[in-house]
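Computed from a predicted structure; not experimentally measured.
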Amino acid sequence: MTNMAEDLKATHVTDAAPLPNGAPTAEDRRRTDRKRSPREQKKRTANIVIYGVLVVLVAALMVPFIWMLSSSLKENNQVLTVPIQWIPQEFVWSNYTDIWTRIPMMGYLQNSLYLAVIITCLQVLTGSLAAYGFSKVRFPGRDVLFLAYIGTIAVPWQAYMVPQYIMMQNLGLTNSFNALILLQAFGAFGVFLMRQYYMTIPDELCEAARIDGLSEYGIWARVILPLSKPALASLALLTFVNTWNDYMGPFIYLTSNRLWTVQLGLRSFVGQFDAEYAMIMTGSVISVIPILIIFLIGQRYFIQGIATSGMKG
């Protein structure tokens, strides 16, 4: 019995004694685990709450899209029923085939795509060039001019909508894509977004390129642009979505049916006394698909560009 007690005591002393090279003992590890346990538990609880809130917000944002998709598979008299029927009693898949014959949907989509691509390319080009001048080229009054230009964002479009239309009418550009392209080829927001990103690029790169003999256009094209893919993708995506969803611009300047965009084309289903809501929802679902594809392709660059555009200013 005495030997057994001595052995147990020796074992306890061995466990509690420090290990060679300063390694923690079993008792130290247990004590550390007890100290970290409440902190880790709080962190885990906070993460669960945050993820729960995000799930609720995502679900709330998805409700209109789910309702739109559900309504596109219903009859007209079932779209606005109360309470809402989230799952149609009978799926009307023929809506997705009938819409192409009821209106020239393909032509509307082509017009929207044409305007969105042209305006996006022009805004990316002009925005990046102007942003380079405001961020990397020093000239008198640069900051004052930039603030004045950015201040135009605060002016509502309705304030200068009529003067713009009179100008386009005097130039003979109404009822054509040229009016929309000319008015939207430049954007103060795009210049602001690109400038904020360019400010994160070290000026030493531009100075070294100037010493090597590159012109300002060469520095912009060969040094700045390759480093600005996230910001360019962000601006392109935002401009594409904004142009694709634009209703008032085409409504004001495009009077011919062959020039209508998809947003104007869906108005064809709105009559004097009634509206074909099922067809409107069907066309809306179809119009969302190009935007969804573009976003899925460029989402990585878009998130990166938005996250880094305000790091320095």
Exercise for the section: Examine distances only and state if a side-chain atom of Ser112 and a backbone atom of Val262 form a donor-acceptor pair shorter than 3.5 Å. Expected result: yes

Problem - Side chain to side chain, Leu183 and Tyr165, heavy atoms closer than 4.5 Å - result: no

Exercise for the section: Taking the side chain as every heavy atom from C-beta outward, state whether Thr239 and Ile119 have any pair of such atoms under 4.5 Å apart. Expected result: yes

Exercise for the section: Report yes if the side chains of Lys74 and Tyr277 come closer than 4.5 Å at any heavy-atom pair, otherwise no. Expected result: no

Practice task
For the pair Gln123 (side chain) and Gln184 (backbone), establish whether a donor and an acceptor sit closer than 3.5 Å, ignoring hydrogens and angles.
Solution key: yes

Exercise for the section: Begin with the C-alpha distance, continue with both residues' side-chain angles, and end with the deciding distance and a verdict on side chain to side chain contact (heavy atoms under 4.5 Å, CB included) for Ile201 and Ser228. Expected result: CA-CA 9 Å; Ile201 300 175; Ser228 307; 3.8 Å; yes

Donor-acceptor contacts under 3.5 Å from residues 45-65 side chains, at least two apart:
unit_1	atom_1	unit_2	atom_2	d
Thr45	OG1	Gln41	O	2.8
Asn47	ND2	Lys43	O	3.3

Handout entry: Polar side-chain atom of Lys136 near backbone of Tyr198 as donor-acceptor pair, under 3.5 Å
Key = yes

Practice task
Could you tell me whether Arg102 and Glu276 make a salt bridge, using a distance below 4.0 angstrom between a side-chain N and a carboxylate O?
Solution key: yes

Completion exercise
Between Arg195 and Ala131, the two heavy atoms sitting closest are N-CB, 3.4 Å

Exercise for the section: Mind jotting down which residue pairs meet the salt bridge (charged side-chain N to carboxylate O under 4.0 Å, His left out) criterion with at least one end in residues 57-70? Sequence neighbours excluded, please. Expected result: none

Problem - 4.5 Å side-chain heavy-atom contact, Pro163 and Ile166 - result: no

Practice task
Test salt bridge (Lys or Arg N to Asp or Glu O under 4.0 Å) on Glu216 and Arg210 and set out the steps.
Solution key: CA-CA 8 Å; Glu216 296 298 335; Arg210 291 189 184 99; 2.8 Å; yes

Practice task
Looking only at non-hydrogen atoms, find the nearest pair between Ser70 and Gln85 and report the distance.
Solution key: OG-O, 3.5 Å

Compile the donor-acceptor pairs under 3.5 Å between side chains in residues 287-295 and protein atoms, sequence neighbours left out, one pair per line.
unit_1	atom_1	unit_2	atom_2	d
Ser287	OG	Gly283	O	3.4
Ser287	OG	Ser284	O	2.7

Practice task
Mark yes or no: Arg142 above the aromatic ring of Phe134, with NZ or CZ under 6.0 Å from the six-membered ring centre and no more than 45 degrees from the axis.
Solution key: no

Practice task
Taking the side chain as every heavy atom from C-beta outward, state whether Thr261 and Tyr114 have any atom pair closer than 4.5 Å.
Solution key: no

Exercise for the section: Would you check if Leu115 and Trp244 make a side-chain contact, meaning some heavy-atom pair closer than 4.5 Å? Expected result: no

Handout entry: Full working for side chain to side chain contact (heavy atoms under 4.5 Å, CB included) between Ile252 and Met161
Key = CA-CA 9 Å; Ile252 293 173; Met161 176 176 63; 3.4 Å; yes

Practice task
For the pair Leu122 and Phe186, evaluate side chain to side chain contact (heavy atoms under 4.5 Å, CB included) and give the outcome as yes or no after the intermediate values.
Solution key: CA-CA 7 Å; Leu122 288 175; Phe186 311 90; over 6 Å; no

Exercise for the section: Please answer whether the main-chain N or O of Leu173 pairs with a side-chain N or O of Asn178 as donor and acceptor at a distance below 3.5 Å. Expected result: no

Handout entry: Check: Tyr160 and Val162 side chains under 4.5 Å, non-hydrogen atoms
Key = no

Problem - Leu214 with Tyr132, same ILVMFWY side-chain cluster at under 4.5 Å - result: yes

Problem - Residues Tyr108 and Asn257: side-chain donor-acceptor under 3.5 angstrom - result: yes

Exercise for the section: Looking only at non-hydrogen atoms, find the nearest pair between Ala275 and Ile280 and report the distance. Expected result: CB-CD1, 4.4 Å

Problem - Any donor-acceptor pair under 3.5 Å from Ser72 side chain to Leu69 backbone - result: yes

Exercise for the section: Kindly assign one of parallel, tilted or perpendicular to the pair Tyr96 and Trp93, based on the angle between their ring planes and the thresholds 30° and 60°. Expected result: tilted

Practice task
Please report the closest heavy-atom contact between Ile219 and Ala209, naming both atoms and the distance.
Solution key: CG1-CB, 3.7 Å

Handout entry: In one Ile/Leu/Val/Met/Phe/Trp/Tyr side-chain cluster, 4.5 Å: Met106, Val285
Key = yes

Exercise for the section: Look at the side chain of Asn242 and the backbone N and O of Leu238, then say whether any donor-acceptor pair between them is shorter than 3.5 Å. Expected result: no

Exercise for the section: Quick one: closest heavy-atom pair of Gly249 and Trp157, and the distance? Expected result: N-CH2, 4.4 Å

Practice task
Output yes when a side-chain donor or acceptor of Asn95 lies under 3.5 Å from a complementary backbone atom of Ala278, and no otherwise.
Solution key: no

Completion exercise
Here the pair of heavy atoms bringing Asn175 nearest to Leu259 is O-CD1, 3.2 Å

Exercise for the section: Check whether any side-chain heavy atom of Leu254 lies under 4.5 Å from a side-chain heavy atom of Asn111, and answer yes or no. Expected result: no

Exercise for the section: Consider only side-chain heavy atoms of I, L, V, M, F, W and Y, link residues closer than 4.5 Å, and tell whether Val117 and Leu237 are in one cluster. Expected result: yes

Practice task
Please answer: with hydrophobic residues joined when any side-chain heavy atoms are less than 4.5 Å apart, are Leu80 and Trp86 in the same cluster?
Solution key: yes

Exercise for the section: For the pair Trp260 and Ser268, evaluate side chain to side chain contact (heavy atoms under 4.5 Å, CB included) and give the outcome as yes or no after the intermediate values. Expected result: CA-CA 11 Å; Trp260 281 3; Ser268 303; 3.9 Å; yes

